[in-house]
Amino acid sequence: MPDPGEGLLEAEIVRWIVEPGQDVAVNDPMIEIETAKSLVELPSPYAGVVHRQLVAEGDVVAVGQPILLIDDGSGDAPDEPAAAEAQPEGRPEAADQGDAASGSVLVGYGTSAAPVSRRPRSSSGLQKGPEGEQVHESYSTETPVSRHVEDVTEAHRVEDEPTEPPLPEPGNPRSLEQRTAGRDASGHRPLAKPVVRRLARDLGVDLATVTGTGPDGTVTNADVAAAAAGGGPRPGEVRRIPLRGVRRQMVASMSASVEVPQASLWLDVDVTETVALIEALKKRPEFGGLRISPILVLAKAVCLAIARHPEVNGSLDTARQEIVVPSDINLGIAAATARGLVVPNVKRANTLNLVELATALNAIVAAARESRITPADCAHGTFTITNVGVFGIEGGTPILNPGEAAILCMGTIARRPWVVGTGEDERMEPRSICTLTLTIDHRVLDGEMASRFLADVATVLRDPGLSMLF
């Protein structure tokens with residue numbers, strides 16, 4: 001198991017993409033893993049023939065543990081590692097070496113302490129496995145999600161308790177149960193994209209029992225959802241959801257967050273002019289193909305306000321008794337997915353113009369829907385925005401993302417009666433109103449600084465033209 005970066009020590013095997021006997025080339029996707037932060041595919045570092053899988057889907061594997069044997073035809077035949085060789089407690093040796101052992105840590109290549117074992121070709125030959133399954137692009141941990149903008153199909157995923165098949169035994173690359181799972185009576189594997197296979201796995205649906213309605217009989221998300229709806233839980237049944245991957249990290253992060261002394265401020269803001277600006281931007285050719293929403297203006301307002309109150313972008317270094325204030329804003333956007341809460345961030349958001357910021361935000365939405373968020377996308381965030389307005393909620397009190405001094409929550413934009421004008425011109429009008437809630441680390445920020453920051457954000461939302469004064 002290569003080091004996926006960001007100090008992660010283990011990952012869960014979600015799905016094998018290659019099977020014993022299948023030819024692979026360098027960088028071909030070979031396995032899909034879920035870490036504490038993301039769901040990613042690992043590319044093969046070698047070309048050759050897949051000899052044997054050493055771990056099964058559902059296993060949680062430590063960094064540095066052998067997971068696959070590839071026959072590259074070199075004639076090098078080291079001792080075959082045990083299928084479930086235990087790792088010592090604590091950080092594995094491969095992870096201890098960090099970047100120094102491998103240069104830059106890249107998904108699929110890992111550190112020098114965790115090579116892929118190789119065996120010579122069998123004299124009897126290995127049959128090539130099934131071909132033609134479509135796979136989605138692999139992402140390295142060093143490429144931010146803002147560089148991957150594409151059209152995607154949203155897959156609603158529901159976590160369920162996984163079934164863990166037995167480990168393969170020496171001499172038997174895959175058990176009969178593993179080799180026949182997901183195949184129909186004739187042994188054929190139904191056509192389905194990887195995201196559909198993940199959905200079927202999570203919903204407990206056997207693809208072999210589903211009739212595909214897509215092109216050439218391809219099974220779609222809708223087909224899987226319909227199959228799952230046909231067999232609901234029995235009365236009195238209890239469903240247990242294991243805390244793994246993103247869900248486990250979410251539990252740990254939120255538990256750590258409540259140990260920080262926090263305070264919250266909120267403000268109702270007339271965002272009628274922001275709504276009008278959004279409608280105007282949608283008609284601009286520069287934003288063609290991009291989804292534009294009030295979050296875009298809020299993100300820009302946050303960057304402008306932080307420039308006037310830099311400590312809001314800071315964090316507390318308790319070991320050195322210092323407040324650390326970076327010059328760049330890595331703007332996190334909280335995304336609630338079926339796999340749990342993830343907070344990818346737009347790197348150096350303060351340096352982006354409005355079109356570039358819109359492009360980056362669209363990429364985050366697309367990546368979250370396709371479970372493509374990588375550890376690098378979530379690393380080094382400095383300020384977070386969360387939007388409960390998309391669920392029709394007026395507002396809420398957000399909890400700090402660990403390591404950050406503030407988080408801003410945006411509620412739904414609703415039409416309300418509002419007092420406008422002054423003096424004799426004072427009157428009641430229907431306006432678009434939104435509630436903003438700011439939660440701060442009270443060790444880093446005091447009430448005055450937080451209030452001034454929130455007031456500046458509100459000023460831009462009330463009248464986007466006033467941003468010219470910032």
Side-chain angles (χ1 to χ4, degrees), residues 146 265-310 312-313 328-334 345-346 348-365 382-390 394-395 398 406-422 425 427-438 449-470:
S146 56
L265 308 88
W266 57 91
L267 182 64
D268 290 338
V269 184
D270 180 354
V271 296
T272 305
E273 296 303 319
T274 287
V275 173
L277 174 62
I278 292 299
E279 293 305 313
L281 293 178
K282 290 178 180 178
K283 300 175 183 178
R284 297 286 304 179
E286 298 92 333
F287 294 90
L290 295 175
R291 182 179 182 275
I292 309 299
S293 74
I295 282 292
L296 172 61
V297 182
L298 178 62
K300 192 64 176 180
V302 164
C303 291
L304 293 173
I306 286 178
R308 300 179 67 166
H309 311 282
V312 174
N313 194 49
D328 288 329
I329 302 171
N330 291 342
L331 186 61
I333 305 295
N345 61 78
V346 178
R348 303 186 68 198
N350 53 307
T351 67
L352 304 180
N353 61 37
L354 205 59
V355 175
E356 293 168 337
L357 189 56
T359 302
L361 293 175
N362 274 247
I364 281 180
V365 172
T382 59
F383 184 96
T384 296
I385 293 174
T386 181
N387 180 17
V388 298
V390 294
E394 291 187 0
I407 180 173
L408 182 62
C409 176
M410 185 179 197
T412 190
I413 297 177
R415 297 290 285 177
R416 302 183 201 170
W418 201 253
V419 177
V420 299
T422 57
D425 191 38
R427 62 195 183 279
M428 189 79 72
E429 288 185 0
R431 306 286 287 182
S432 297
I433 308 301
C434 176
T435 299
L436 300 178
T437 307
L438 179 70
M449 184 177 298
S451 297
R452 292 184 183 278
F453 167 79
L454 186 58
D456 282 347
V457 172
T459 295
V460 175
L461 295 181
R462 287 194 195 98
D463 187 353
L466 293 180
S467 63
M468 300 292 291
L469 300 175
F470 281 64

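A 4.5 Å side-chain heavy-atom check between Pro294 and Val271 finds every atom pair outside the cut-off. Counting heavy atoms from C-beta on, the side chains of Trp266 and Asp268 never come closer than 4.5 Å. Ile333 is not listed as a side-chain neighbour of Asn345, based on a closest heavy-atom distance of 4.5 Å or more. Inter-residue side-chain proximity for Glu273 and Arg462 is flagged as unmet; no heavy-atom pair is nearer than 4.5 Å. Within the 4.5 Å cutoff, the side chain of Ile433 has no heavy atoms near those of the Val269 side chain. Inter-residue side-chain proximity for Ile385 and Leu298 is flagged as met; some heavy-atom pair is nearer than 4.5 Å. Thr386 is not listed as a side-chain neighbour of Met410, based on a closest heavy-atom distance of 4.5 Å or more.
Among all heavy-atom pairs drawn from Val457 and Leu408, the shortest one is CG1-CD2, 4.3 Å. Across all non-hydrogen atoms, the minimal contact from Ala349 to Leu331 is CB-CB, 3.8 Å. Between Phe453 and Val302, the shortest heavy-atom contact is CE1-O, 4.0 Å. The heavy-atom pair separating Gly411 from Cys434 by the smallest distance is O-SG, 3.3 Å. For the residue pair Ala358 and Leu290, the shortest heavy atom distance occurs at CB-CD1, 4.0 Å. Minimum interatomic distance between Val355 and Asn353 (heavy atoms only, all atoms of both residues): N-OD1, 3.1 Å.
For the 3.5 Å distance criterion, the side chains of Asn330 and Thr382 fail to qualify, holding no donor opposite an acceptor.
For the pair Arg308 and Phe470, the distance from NZ or CZ to the six-membered ring centre is under 6.0 Å and the angle to the ring normal is within 45 degrees.
Leu466 CG to Thr459 OG1: the interatomic distance, rounded to the nearest 0.5 Å, is 7.0 Å. Between the CG atom of Asn387 and the OG atom of Ser293 there is a distance of 7.0 Å, given to the nearest 0.5 Å. Rounded to the nearest 0.5 angstrom, Lys300 NZ and Thr274 OG1 are separated by 14.0 Å.
Using a distance-only test at 3.5 Å, with no hydrogens or angles considered, a donor-acceptor pair links the side chain of Asn350 to the main chain of Ile329. Using a distance-only test at 3.5 Å, with no hydrogens or angles considered, no donor-acceptor pair links the side chain of Ser432 to the main chain of Ile413. Here the side chain of Glu279 pairs no donor or acceptor atom with the backbone of Ala276 at under 3.5 angstrom. A donor-acceptor pair is defined here as one N or O able to donate and one able to accept, closer than 3.5 Å; such a pair exists between the side chain of Asn362 and the backbone of Arg291.
Taking Glu429 as the reference, Arg427, Arg431 meet the salt bridge (charged side-chain N to carboxylate O under 4.0 Å, His left out) condition, with sequence neighbours excluded. Taking the salt bridge (charged side-chain N to carboxylate O under 4.0 Å, His left out) definition, one finds that Arg284 meets it with Glu286, sequence neighbours left out.
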Next item on the list: Start with the C-alpha gap between Arg348 and Asp328, add the side-chain angles, then the distance that decides, and say whether salt bridge (Lys or Arg N to Asp or Glu O under 4.0 Å) holds.
Entry: CA-CA 5 Å; Arg348 303 186 68 198; Asp328 288 329; 3.3 Å; yes
